[in-house]
Amino acid sequence: MVRLRLDLGYDGTDFSGWARQPGRRTVQGEIEQALGRILRVDPAPALTVAGRTDAGVHARGQVAHVDLEADVELPALLRRLAGVLSLDVRVHRLSVAPTGFDARFSALSRRYGYRVADAPGGVDPLRRRDIYWHNRPLDVDLLNAAATRLLGEHDFAAFCKKREGATTIRELQRLDWTRAPDGVLLATVVADAFCHSMVRALVGSLLAVGEGRRPVEWPAEALARAERDSGIHVAPALGLTLEEVRYPPDAELALRARQTRRVRDLAANT
């Protein structure tokens, strides 16, 4: 067997998220089905992904791995995937993964971008699938003042949907906003990992500050309470894109995977 790394992207609009679900169209399901069809294996090979995205969320820099028979010809497989997969999901690159590589547990960080337009006339129709239109003007200085207070390692329970046996402690490494020349706002969000709905909840809380409806201190106050806050509204999925997954040097991949598993297991058992 050989472990392959897949670098891929997708328009999440018509998918029910990444994770395979019976009776639903998912990114994982589409790619696994394509691999099974091309390689003529049943059951289809199973993918492990760096970050499971929710329904409607996009990806430009998603990473996954799959274990296949060692005699696979990568250029031919990549071309055949391009021919079999629908146009809203693309595998950009296939490569033999370094020893110790795990797409999920070896990752150092994930970077997401959330795009918002607050122009009175709405969003460019050609960008309607990946930019959220917020119909109130937003103040970038207020957005950044509130965002700075959330950085660091915390229990992000206020911004996460709880999952049995999963921790909500995360290290938020970057959260800032910029406005492009075309007026579109971009929130860049980087963490070691994210819990369910965390990025969209962070963005939702900050938008309330940016439009002047909540004080700058409010998101940090919710964070400190470390419990789900009904006042925090989750921003729509369409504005969110997974941009990049970072990994350590090849020699440190296995160690990073062991460390991540240990930390998650300890947190789940406390």
Side-chain angles (χ1 to χ4, degrees), residues 2-69 72-97 101-107 109-115 123-132 186 189 193-194 196-200 235-247:
V2 63
R3 175 160 293 183
L4 301 183
R5 169 174 168 162
L6 294 78
D7 291 84
L8 61 140
Y10 44 88
D11 176 343
T13 305
D14 298 324
F15 288 104
S16 296
W18 165 269
R20 185 191 322 110
Q21 300 176 58
R24 291 184 177 272
R25 184 173 184 255
T26 67
V27 182
Q28 181 182 14
E30 289 281 303
I31 299 175
E32 288 180 351
Q33 184 180 41
L35 286 170
R37 175 179 167 187
I38 293 167
L39 301 173
R40 298 181 182 180
V41 292
D42 188 20
L47 291 169
T48 297
V49 74
R52 293 192 299 176
T53 50
D54 294 336
V57 176
H58 316 297
R60 183 176 287 109
Q62 182 67 280
V63 181
H65 77 246
V66 64
D67 295 325
L68 299 177
E69 295 292 340
V72 174
E73 294 183 10
L74 297 189
L77 178 56
L78 186 61
R79 284 195 301 272
R80 295 197 66 187
L81 281 170
V84 170
L85 289 169
S86 59
L87 295 177
D88 55 359
V89 54
R90 296 283 95 182
V91 178
H92 303 303
R93 182 170 176 262
L94 278 175
S95 57
V96 176
F101 177 81
D102 185 293
R104 178 185 177 193
F105 290 113
S106 294
S109 65
R110 287 87 172 161
R111 175 169 62 90
Y112 280 88
Y114 195 96
R115 291 170 175 83
V123 175
D124 176 350
L126 298 182
R127 300 295 305 279
R128 69 191 184 281
R129 285 175 173 257
D130 74 324
I131 298 175
Y132 165 57
L186 171 65
V189 194
F194 293 93
H196 189 216
S197 82
M198 178 175 161
V199 179
R200 291 163 57 202
L238 67 89
L240 186 60
T241 301
L242 174 58
E243 301 283 359
E244 180 189 29
V245 183
R246 288 185 58 248
Y247 292 93

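Under a cut-off of 6.0 angstrom, the local environment of CZ in R25 is crowded, with over 12 non-hydrogen atoms contributed by other residues, nucleotides or ligands. Surrounding CZ of R115 are more than 12 heavy atoms belonging to other residues, nucleotides or ligands, all under 6.0 Å away. The number of heavy atoms from other shown groups lying within 6.0 Å of CZ (R52) does not exceed 12. Within 6.0 Å of atom CZ in R37, 12 or fewer heavy atoms from other residues, nucleotides or ligands are found, so the atom counts as exposed in its surroundings.
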- Decide side chain to side chain contact (heavy atoms under 4.5 Å, CB included) for R129 and D14; before the verdict, give the C-alpha distance in whole Å, the side-chain angles of both, and the deciding distance to 0.1 Å. CA-CA 10 Å; R129 285 175 173 257; D14 298 324; 3.9 Å; yes
- Task: Please assess T53 against Y112 for the test side chain to side chain contact (heavy atoms under 4.5 Å, CB included), listing each intermediate value before the final yes or no.
- Result: CA-CA 11 Å; T53 50; Y112 280 88; 3.8 Å; yes
- Task: Apply the test side chain to side chain contact (heavy atoms under 4.5 Å, CB included) to residues H196 and D54: give CA-CA distance (whole Å), side-chain angles for both, the deciding distance (0.1 Å), then the verdict.
- Result: CA-CA 8 Å; H196 189 216; D54 294 336; 3.3 Å; yes
- Item | Worked verdict on R5 versus L94 for side chain to side chain contact (heavy atoms under 4.5 Å, CB included) | CA-CA 6 Å; R5 169 174 168 162; L94 278 175; over 6 Å; no
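Taking the six-membered ring for Trp and thresholds of 30 and 60 degrees, Y10 and W18 have ring planes inclined between 30 and 60 degrees apart. Aromatic ring orientation, Y247 versus F101: tilted (interplanar angle from 30° to 60°).
The shortest distance between side-chain heavy atoms of F15 and V89 falls below 4.5 Å. Here the side chains of V91 and L78 are in contact, with some heavy-atom distance below 4.5 Å.
Of all heavy-atom pairs between Y114 and A235, the closest is OH-CB, 3.5 Å. Between S86 and E30, the closest heavy-atom pair is OG-OE1, 3.9 Å. Taking each heavy atom of A55 and A237 in turn, the nearest pair found is O-CB, 3.2 Å. Nearest heavy-atom pair, A34 versus L81, reported as atom, atom and distance to 0.1 Å: CB-CD2, 3.9 Å.
Listed for the R60 side chain is no donor-acceptor partner under 3.5 Å among the backbone atoms of T241. With hydrogens and angles ignored, the 3.5 Å screen pairs a side-chain donor or acceptor of Q62 with a backbone N or O of G51. A donor-acceptor contact shorter than 3.5 Å links the side chain of H58 to the backbone of G12. A donor-acceptor contact shorter than 3.5 Å is absent between the side chain of R110 and the backbone of E244. A donor-acceptor distance shorter than 3.5 angstrom exists from the side chain of E32 to the backbone of L47, with no hydrogens or angles considered. Q21 places a side-chain N or O within 3.5 Å of a backbone atom of S16 that can act as its donor or acceptor partner.
To the nearest 0.5 angstrom, T26 atom OG1 is 9.5 Å from Q33 atom CD. Between I38 atom CD1 and L85 atom CG the span is 7.0 Å, to the nearest 0.5 Å. Rounding to the nearest 0.5 angstrom, the gap separating the CZ atom in R93 from the CG atom in L6 is 10.5 Å. For the atom pair CZ of R20 and CD of Q28, the computed distance is 4.0 Å after rounding to the nearest 0.5 Å. Interatomic distance, S95 OG to R3 CZ, rounded to the nearest 0.5 Å: 12.5 Å.
Among L240, D130, L238, the one residue that satisfies the side chain to side chain contact (heavy atoms under 4.5 Å, CB included) test with V57 is L240. With P45 as reference, L35 is the one residue of I31, L35, L4 to meet the side chain to side chain contact (heavy atoms under 4.5 Å, CB included) rule.
In this structure, a donor-acceptor pair under 3.5 Å is absent between the side chains of R128 and T13.
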